[in-house]
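Beneath this line is the structure, given in structure tokens, with notes to follow.
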Amino acid sequence: MKKIPPVKYMRDFYPELMRQRLEIESAWRAVSERAGFEPWDAPIVEHLDLFTRKSGEEIVTQLYTLTDRGDRELAIRPEMTPSLARLITQRQSALPRPIKWYCSARMCRYERGQRGRLREFWQWNIDLLGVADVTADAEVMSVALDGLEEFGLGPADVALRLNSRDLLAALLGALGIPEEHHAAVYAVTDKRGKVPDETLTKLYEELGLDKATLEKLLAVMSCSTLEELDRAARGAGLVGFEAEVEKLQRLIGYLEALGKGDYVVFDIGIVRGLAYYTGPVFEIFDRNAELRAICGGGRYDRLMETMGGQPMPAVGFGMGDVVLGELLTEKGLWGTAPANVVAQAVPLADERIADAMRLVASLRAGGMMADYVMKSGGLGKVLKRAGESGVRWVIFVGGDEWDSGQVRVKELATGEERLVGTDGKELLALIAKTAL
RNA sequence: GUGGAUGUAGCUCAACUGGUUAGAGCACCAGAUUGUGGUUCUGGGGGUUGGGGGUUCAAGUCCCCUCAUCCACCCCA
């Protein structure tokens with residue numbers, strides 16, 4: 001019989017990998033809860049319309065779609081935001097503001113796999129709705145960075161690249177570029193840092209702008225700090241963008257107040273592909289910029305209307321488990337050791353197997369992680385295995401000790417042995433004491 | 001969807017210009033070791049050399065196709 005492999009670009013979670021996934025998810029959860037976000041989730045399968053409404057029909061080629069027996073067109077969710085919008089709009093007037101929600105969800109995208117991108121993955125979403133001010137943006141970005149700090153990552157490891165769609169729009173407007181051409185400019189700007197500067201310049205030239213406008217655009221787009229941009233735009237005689245610069249400066253100030261100032265880098269090349277972003281947008285990268293973005297997000301103040309709800313300002317991000325996992329592996333920051341069995345009982349004769357079970361059952365009932373060897377004897381091997389796998393106590397069940405109502409307990413780290421009663425109580429107390 | 005690279009045991013890799021039955025280390029299982037340790041020693045299981053076709057007396061090796069993986073592009077919610 002031929003073996004059936006896992007589905008292309010999807011992972012089998014052997015225990016080692018599964019522990020990593022759980023470590024990531026519990027960190028996300030802990031950080032979210034600590035920052036006052038509430039958990040939510042939705043079905044893993046949604047109506048196809050939910051996704052095409054937000055992203056257009058082209059999205060279908062990137063989805064796992066299915067038709068159910070009632071001829072309903074469905075799709076496995078490729079992201080959480082449409083579901084979020086549904087949940088929010090269903091109870092929009094009843095939810096107290098601000099709405100701070102998080103989820104850690106499994107999703108699928110039918111894409112070509114490559115490093116950092118698979119067809120099934122987990123994504124942490126943080127969303128804050130009902131607050132139009134950049135205080136909310138700062139909060140969301142800060143929590144994203146908290147999520148990375150939880151693993152020991154710091155400003156030396158990752159950077160938060162920040163930009164604003166409103167700022168870009170204001171600059172292009174000031175340059176006299178009509179709104180319908182903004183998307184084309186964004187598409188080029190998005191390449192910044194990904195292609196050589198000369199190529200970028202060439203792409204801007206191909207946009208068909210007149211020479212004066214092009215020169216001003218290039219002057220503005222080549223800035224690598226917000227201050228530099230402010231000077232360059234003023235120098236080019238542009239007006240009407242100042243409020244957006246001020247907003248970003250205030251946002252950066254809030255991030256500093258939240259202790260995240262060292263991560264922030266202004267990057268006019270951060271555009272984000274999605275059309276629905278409206279204000280500040282950001283991506284978090286490893287400092288070496290070897291991997292794709294660890295996290296991306298921004299403000300999407302129009303989405304609730306698009307999804308049939310009342311207008312409501314919103315800001316959020318998504319962080320995937322794949323790139324983060326690669327970074328943690330690269331930096332050696334995985335924390336979880338296997339959960340070792342603390343105590344292992346070994347029956348010294350077949351007649352003692354049931355007794356070992358009883359003892360272990362009472363230890364488990366007492367909250368201790370305990371296990372037993374499933375056959376009697378073979379002490380040399382049992383001890384060897386126990387030592388290798390991190391067992392801390394081995395309990396010998398049987399022999400003369402058993403006949404006198406006791407079991408012999410060996411602490412593997414010291415080799416010290418003691419005699420305790422067979423009901424497990426004394427053993428629990430002993431282990432609890434040494435565990436501290 | 002486009003282009004490039006790579007495919008040998010669970011993992012890391014050998015096998016000179018084509019030449020006997022494809023090997024080693026690690027891992028796994030067992031024994032030395034029926035009441036006491038991590039070392040050591042011995043043995044064992046595990047391969048359609050990704051798959052198919054072709055050239056040849058002979059293919060892991062050369063050719064073609066295909067599949068998979070990785071990298072880059074497109075896209076990136």
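Every value quoted in this text rests on a predicted model; they were computed, and no experiment measured them. In what follows, chains carry the letters A, B, and so on, assigned in the order in which the sequence lines appear, proteins first and then strands, with residues in each chain numbered from 1.
- Taking 4.0 angstrom as the limit, A/K384 places none of its side-chain polar atoms (N or O) nearer than this to OP1 or OP2 of B/U40.
- Residue A/K191 places at least one side-chain N or O under 4.0 Å from the OP1 or OP2 atom of B/C75.
- Close to B/C76, at under 4.0 Å from its OP1 or OP2, lies no side-chain N or O of A/Q62.
- Side-chain N/O atoms of A/K381 include one lying less than 4.0 angstrom from OP1 or OP2 on B/G31.
- For B/G54 and B/U12, the P atoms lie 32 Å apart once the distance is rounded to whole Å.
- One interatomic measurement links the two molecules: CZ of A/R115 to P of B/A5, which rounds to 21 Å at whole-angstrom precision.
- Within 4.0 Å (heavy atoms only), A/Q123 reaches no atom of the nucleic acid at all.
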- Message: Dot-bracket for RNA chain B, please. Rules: Watson-Crick or G-U, both distances under 3.5 Å, ( ) within the strand, [ ] when a pair crosses earlier ones, | for another strand, . otherwise.
- Response: (((((((..((((.....[...)))).(((((.......))))).....(((((..]....))))))))))))....

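- For A/R117, no side-chain nitrogen or oxygen approaches OP1 or OP2 of B/C74 to under 4.0 Å.
- Residue-level contact check: A/D400 touches the bases, meaning some heavy atom is under 4.0 Å from a base atom.
- To the nearest angstrom, C1' of B/A68 lies 16 Å from CD of A/Q114.
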- Query: For A/Y300 and A/D127, what are the C-alpha separation, side-chain angles and deciding distance, and is it a side chain to side chain donor-acceptor pair (under 3.5 Å)?
  - Reply: CA-CA 10 Å; A/Y300 52 99; A/D127 290 279; 2.4 Å; yes

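- Checked against B/A77, B/G35, B/U36, the side chain of A/Y276 finds its nearest nucleotide in B/A77.
- Projected onto RNA chain B by closest heavy-atom contact, A/R112 and A/L379 fall at different nucleotides, the more 5' of which corresponds to A/R112.
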Can I get a per-line list of side-chain donor-acceptor pairs under 3.5 Å for residues 144-158 of chain A, giving both atom names and the distance, sequence neighbours left out?
| unit_1 | atom_1 | unit_2 | atom_2 | d |
| --- | --- | --- | --- | --- |
| A/D146 | OD1 | A/K260 | NZ | 2.8 |
| A/E149 | OE1 | A/K260 | NZ | 3.2 |
| A/E149 | OE2 | A/Y263 | OH | 2.7 |
| A/E150 | OE1 | A/R34 | NH1 | 3.3 |
| A/E150 | OE1 | A/R34 | NH2 | 3.1 |
| A/E150 | OE2 | A/R34 | NH2 | 3.0 |
| A/D157 | OD1 | A/K331 | NZ | 3.1 |
| A/D157 | OD2 | A/G154 | N | 2.8 |

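- Aromatic ring pairs are classed by plane angle as parallel below 30°, tilted from 30° to 60° and perpendicular above 60°; the pair A/W124 and A/W28 is parallel.
- Between A/Y9 and B/U69 there is a side-chain polar atom (N or O) within less than 4.0 angstrom of OP1 or OP2.
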